[in-house]
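Single-structure report; data block below.
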Amino acid sequence: FKEAIQSAPPRMASDEADMLRSMGLRNVEDLFSDIPPAVRMKSLALPPGLPEQEVVSRVTEVLSANRTMADMPTFLGAGLYDHFVPAAVRAITSRSEFYTAYTPYQPEVSQGILQSLWEYQSMICELTGMDAANTSMYDASTALGEAARMARRIHSGKIFLVPRALRWHRRNVLGNYTWGGGIIVKEVEYDRTTGMLDLSDLKHHLTEDVCGVYVENPNFFGRLEEQLAEIRAATDVPLVVGINPIAQSILRKPADFGADIVIGEGQALGNAVNFGGPLLGIFACRQEHVRKMPGRVIGLTKDAEGRRAFCMTLQTREQHIRREKAMSNICTNESLLSVAAAAYMAVLGSNGLRKVAVACMRKAKDLAAAIRAIPGYEAPLFKGPHFNEFTVRYQGGYEAVHQTLLKEGIHGGMAHARHLKELRDFALFAVTERHTKPDLDRLLAALRDVP
């Protein structure tokens, strides 16, 4: 900045000097007076600039060290999944009207993006059975954090119950969201036989101070939570249900079980894994709670001439309107990811979405049976129906399995040792419709070679 001023034309330098004087500063150094001298740097140790062709070559060389899902079969899951994205979805989202769209503050010039977001919300409501959905959550983790805060707005109490077997990143973000709001997060154990929520432990935790209960279907182990009706009957506090939107195409709607809020990760709907982001947080609720929901809601209305029009019906969020009354300070713009999700669901249709879900469930079941047939392996760990992932145990410890798979150019499942100590020999394997028979055969052959 200092060098820029010194090298600027006289008129520009004069303007900068006037700016400094108007701020009561003597020189440019005063702008950085709050930075301790000990941590200041005179300059950045950057190499000399290169021609564009050489930059591209260098960056390509650096990126070649990465191993992507296109290079090796990958069986990681735990929240992000590799689904096939039709070319039509990419074509739609690459249009400049969507690709460069910002928050549609001015509906008169934003009807296209507003309609796309309205269509997305409508599809999410159809999948979940909820009355309203928003388009403003970063990912499932922030959606869960907002759901906990919303549950407290709906019901008195300061304790929010979650499964102990919960994806660690969701648990960590939830902790950040609830800390400032004075909400205490308590964990409910899972049943060691079924992998579902332990109902007796849940009932033990259901005190008068509880403001909400969170449960996932399918849960962290890929197990379908078959107790939603029993969980709902156990308490009258807000019930928050976490979903996989692909699985939801073949499962009963959370609304059928009395869910108040539904959250989930929308990455699987037409968005690539992309090394972990950007993501799309699904958030929906019942009509009676919509005024307490964070984010923005797109509505269908009529203009002054009676023609169909779209607008931001609810937007008590972020910095542009009633900050002191906002339900949340979240101010993201997930429009492009929402458009991709809407396009993906529209291109596949209800039957196509069900076919993807059935393929995932069938392949997971067949793979678990094939792994179980290999001496030394146990799969799945928990009895009962799973969706697209399941827990595998190797009697010699999973680390040996993981290293063997990597040597064979395969990325195995996610080890449980760091997050659930009692399952240190186990790992979570996920499959989708993208996994071909050669991929699965290659995995099984490598598992047989584990020492």
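Of the candidates Leu144, Ile243, Leu80, Leu80 is the only one forming a side-chain contact (heavy atoms from CB on, under 4.5 Å) with Glu265.
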For residues 440-448, run the donor-acceptor check on the side chains, cut-off 3.5 Å, and write out each pair with its distance to 0.1 Å, sequence neighbours left out.
from: Asp441; atom 1: OD2; to: Lys437; atom 2: NZ; distance (Å): 2.8
from: Arg442; atom 1: NH2; to: Glu408; atom 2: O; distance (Å): 2.9
from: Arg442; atom 1: NH2; to: Gly409; atom 2: O; distance (Å): 3.4

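Side-chain contact between Ile371 and Phe390: present, with at least one pair of heavy atoms (C-beta onward) separated by less than 4.5 Å. By the 4.5 Å heavy-atom criterion applied to side chains, Arg223 and Pro385 are counted as neighbours. Residues Val356 and Leu348 form a side-chain contact, since some pair of their non-hydrogen atoms from C-beta on lies under 4.5 Å apart. Counting only heavy atoms from C-beta outward, the side chains of Ser335 and Thr135 never approach each other to under 4.5 Å. Using a 4.5 Å heavy-atom threshold, the side chains of Leu127 and Met345 count as touching. When side chains are defined from C-beta on, Trp118 counts as touching Leu300, because their heavy atoms get closer than 4.5 Å. In this structure, the side chains of Leu166 and Phe220 stay at 4.5 Å or more apart for every pair of heavy atoms. Asn388 places none of its side-chain heavy atoms less than 4.5 Å from the side chain of Lys363.
How far CE of Met361 is from CG of Leu251: 7.0 Å, rounded to the nearest 0.5 Å. Within the model, atoms CG of Asn217 and CE of Met196 stand 10.0 Å from one another, a figure rounded to the nearest 0.5 Å. Between the CG atom of Leu161 and the CG atom of Leu239 there is a distance of 11.0 Å, given to the nearest 0.5 Å. How far CG of Asp425 is from NE2 of His416: 11.0 Å, rounded to the nearest 0.5 Å. Taking OG1 from Thr194 and CZ from Phe382, the interatomic distance works out to 8.0 Å, rounded to the nearest 0.5 Å. Note that CZ of Arg152 and OG1 of Thr178 are 10.0 Å apart. Values are rounded to the nearest 0.5 Å.
Judged as a salt bridge (charged side-chain N to carboxylate O under 4.0 Å, His left out), and not counting sequence neighbours, the contacts of Glu97 are Arg95. Residues satisfying the side chain to side chain contact (heavy atoms under 4.5 Å, CB included) test with Ala430, not counting sequence neighbours, are Tyr81, Glu389. Residues forming a side chain to side chain donor-acceptor pair (under 3.5 Å) with Asp71 (at least two apart in sequence, or on another chain): Thr68. Residues satisfying the salt bridge (charged side-chain N to carboxylate O under 4.0 Å, His left out) test with Glu305, not counting sequence neighbours, are Arg307. Scanning for ring pair (Phe, Tyr, Trp, His ring centres under 6.0 Å) contacts around Trp179 gives an empty result, with sequence neighbours left out. For Arg153, the side chain to side chain contact (heavy atoms under 4.5 Å, CB included) test picks out Arg149, Met150, Lys292, Pro294, Met327, with sequence neighbours left out. Listed by chain and number, the residues in a side chain to side chain contact (heavy atoms under 4.5 Å, CB included) with Gln111 are Pro107, Leu114, Ala309, Phe310 (sequence neighbours excluded). In this structure Lys355 satisfies the side chain to side chain contact (heavy atoms under 4.5 Å, CB included) test with no other residue, sequence neighbours excluded. With sequence neighbours excluded, the residues that form a salt bridge (charged side-chain N to carboxylate O under 4.0 Å, His left out) with Asp82 are Arg434.
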Determine, stepwise, if the pair Val213 / Val237 fulfils side chain to side chain contact (heavy atoms under 4.5 Å, CB included).
CA-CA 7 Å; Val213 175; Val237 302; 3.8 Å; yes
Kindly determine whether Phe426 and Leu420 satisfy side chain to side chain contact (heavy atoms under 4.5 Å, CB included), including the steps that lead there.
CA-CA 9 Å; Phe426 297 80; Leu420 296 170; over 6 Å; no
Going through the checks in order, is the side chain to side chain contact (heavy atoms under 4.5 Å, CB included) test met by Leu336 and Tyr99?
CA-CA 6 Å; Leu336 186 63; Tyr99 201 72; 3.8 Å; yes
Begin from the C-alpha positions of Thr207 and Asp209 and carry the test side chain to side chain donor-acceptor pair (under 3.5 Å) through to its verdict.
CA-CA 5 Å; Thr207 64; Asp209 288 335; 4.9 Å; no
Pair Val273-Gln267, side chain to side chain contact (heavy atoms under 4.5 Å, CB included): steps then yes or no:
CA-CA 7 Å; Val273 176; Gln267 172 272 324; 3.7 Å; yes
Salt bridge (charged side-chain N to carboxylate O under 4.0 Å, His left out) assessment of Arg170 paired with Glu216:
CA-CA 12 Å; Arg170 293 186 186 177; Glu216 294 181 332; 2.8 Å; yes
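Within 6.0 Å of CD on Glu208 lie no more than 12 heavy atoms contributed by other residues, nucleotides or ligands. Few gaps surround CD on Glu378; more than 12 heavy atoms of other groups in view lie less than 6.0 Å from it. Taking a 6.0 Å sphere around CZ of Arg362, one finds it holds 12 or fewer heavy atoms contributed by other residues, nucleotides or ligands.
No side-chain donor-acceptor contact under 3.5 Å links Asn134 and Ser136.
For residues 152-177, the set of pairs meeting the ring-ring contact (aromatic ring centres under 6.0 Å, His included) definition, not counting sequence neighbours, comprises Trp168-His419. Pairs passing the ring-ring contact (aromatic ring centres under 6.0 Å, His included) check and including a residue from residues 428-451, sequence neighbours excluded, read Phe75-His435.
Using a distance-only test at 3.5 Å, with no hydrogens or angles considered, a donor-acceptor pair links the side chain of Arg167 to the main chain of Ala78. A side-chain donor-acceptor contact under 3.5 Å links Thr128 to the backbone of Met130. Not one N or O on the side chain of Thr142 forms a donor-acceptor pair closer than 3.5 Å with the backbone of Ala140. Judged by distance alone, the side chain of Glu334 and the main-chain N or O of Gly281 form no donor-acceptor pair under 3.5 Å. A donor-acceptor contact shorter than 3.5 Å links the side chain of Asp439 to the backbone of Thr436.
The pair Arg232-Asp260 meets the salt-bridge criterion, since a charged nitrogen lies less than 4.0 angstrom from a carboxylate oxygen. By the 4.0 Å N-to-carboxylate-O rule, Arg192 lies close enough to Glu189 to be salt-bridged with it. Here Glu187 pairs with Arg171 in a salt bridge; the nearest charged N to carboxylate O distance falls below 4.0 Å. A salt bridge does not link Glu226 with Arg252: every distance from a Lys NZ or Arg NE/NH1/NH2 to an Asp or Glu carboxylate oxygen is 4.0 Å or more.
Note: Tyr398 and His402 meet the aromatic proximity criterion, with ring centroids under 6.0 Å apart. Taking the six-membered ring for Trp and the full ring otherwise, the centers of Tyr190 and Phe221 sit less than 6.0 Å from each other.
Taking every heavy atom of both residues into account, Gly212 and Ala151 meet most closely at CA-CB, 4.3 Å.
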